[in-house]
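The block underneath contains the structure these notes are about, expressed in structure tokens.
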Amino acid sequence: MSVEKEYALDWIEKNKDRIVEISDKVWDFAELGLIEFKSSALLADELEKHGFKVERGIADMPTAFVATWGEGKPIIGIMGEYDALPGLSQKKAPRKEPLKPEAPGHGCGHNIHGTSGMAAAMAVKKTLDKHKIQGTIKFFGCPAEENFSGKVYMVRDGYFSDVNAVISHHPSTMNAADLRSSLAVNSVRFHFYGKASHAGGSPEQGRSALDAVELMNIGVNYLREHVIQDARIHYVVEKGGDQPNIVPAYARSWYYVRAPERDQLDFIYNWILDIAKGAATMTRTELKTEFLEGSHNVIPNRTIAELIVQNMREIGLPKYDDEDWEFAEKIATTITPEMKIAQLKKSKRPGWERLVDKVMDDEIADPWGEGETSHGSTDVADVSWQAPTVEFETATWVLGTPGHSWQNVAQSGVGLGHESLIFSAKVMAATSLDFLTEEEILKKANEEYRRRIGDKKYRSPIPAEQKPPLDAWER
Ligand SMILES: [Zn+2]
């Protein structure tokens, strides 16, 4: 290992207590997307204290920021998220027990996500400074990953236009830097406006907005026969009227439409817009569409993924103490073998069978999944269209733990989460230093990026005049 990397890892080790403290504070704050005021301020203040120049409230989001240190090229970006999920409040206990009923909780481990990136950026800064290395390190504080795609606004406003490579880390059940893509997505609301009337006495005077919602859903469900295999269409009816003896004057549905590539998504999405218009025509109601958010598919990068795996192996997996193991074993009893096997199989990780009888992932897999698509979506994707980008994972949660669950919340705030936090910060610091000290790697990652993008053009999925929905939680 190079002296530069050793210095960075040593800095993280020496500052472990403070790093863990910050992650636990963000866990306590458990703030929802776009209102992560305390969490983003905590991370931004810490970076500022360590000499970073911090620009807050970027891309029209009060909780988005970028912290910069250094000068000139290369410019390496590290991303962090800090939003929690609604209703997932949970104690740091291996049984389901809310801390504050119905309050938010860190069900996706974003307390670790934000803090690991912050710690890595600080360790890189210390190292560049000490070893007089040329280059710039940027930490991107990215709000609202879970619901409003904060990064897409940051991309649209040009905050990623000058970076040469970007890395990001996500807590997981596995240690992995895989090569799967994700689905591009549009999230949109359909508002239908009809006319209220007595449903018994004068139904002929009414125009039912609920009928429009239902007919639209029927139309879309018939469309399913004619979409590609990997597309996903799902909806909820958010509002369907007040009581049966009033013809509903207003009704509303909320759709997610997903497909592997943006043009495939556009094709299905435009068809759905036509179906919505058709439903309005059939019912003589008015339609208003409200575009909420969208993102692209991830462009993977093998060069960076391999580099990350190499660094993970060089650093070595965390060692858990007895207390960590005890917690992990108890969580494992809440996960059925069927759930666990289904999750492992779905990961398509070569040799996943070896993990069936294990509690924690104790291997570091080679990058896998080239040409495959996982069926979720992420706003990391839009960054991956700007520069070579990889979001890797480290084992934080017991194998088989379902996503967005109380088990995730609990594990993200205890020793298992702390170990994953420190390990991932080290991996990000080491990988950033590789980029900053070895020109060839960065060149190779960029060549691969350009090859994968080819002549495809990035077009922001959100309309040009659209602002982030800062009042979303009040509505
Ligand atoms: Zn997440």
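Note that this is a predicted model, so its numbers are computed, not measured. Atoms within each ligand, like the ligands themselves, are counted from 1 in listed order. As a basis for the values below, the full set of heavy atoms in this structure was taken, side chains included, without hydrogen atoms, waters or symmetry mates.
Side-chain contact, Thr378 with Glu391: no donor N or O sits under 3.5 Å from an acceptor N or O. Under 3.5 Å, the side chains of Tyr449 and Asn164 contain no donor-acceptor pair of N or O atoms. There is a side-chain donor-acceptor pair under 3.5 Å between Tyr458 and Asp382.
The shortest side-chain heavy-atom distance between Ile331 and Thr334 falls under the 4.5 Å cut-off.
For the atom pair Thr389 OG1 and Ile304 CD1, the distance stands at 6.5 Å (nearest 0.5 Å).
Salt bridge absent: Lys25 and Glu46 never bring a charged side-chain N and a carboxylate O closer than 4.0 Å.
Counting only protein N, O or S atoms, the number found under 2.8 Å from the Zn ion (ligand 1) is 3.
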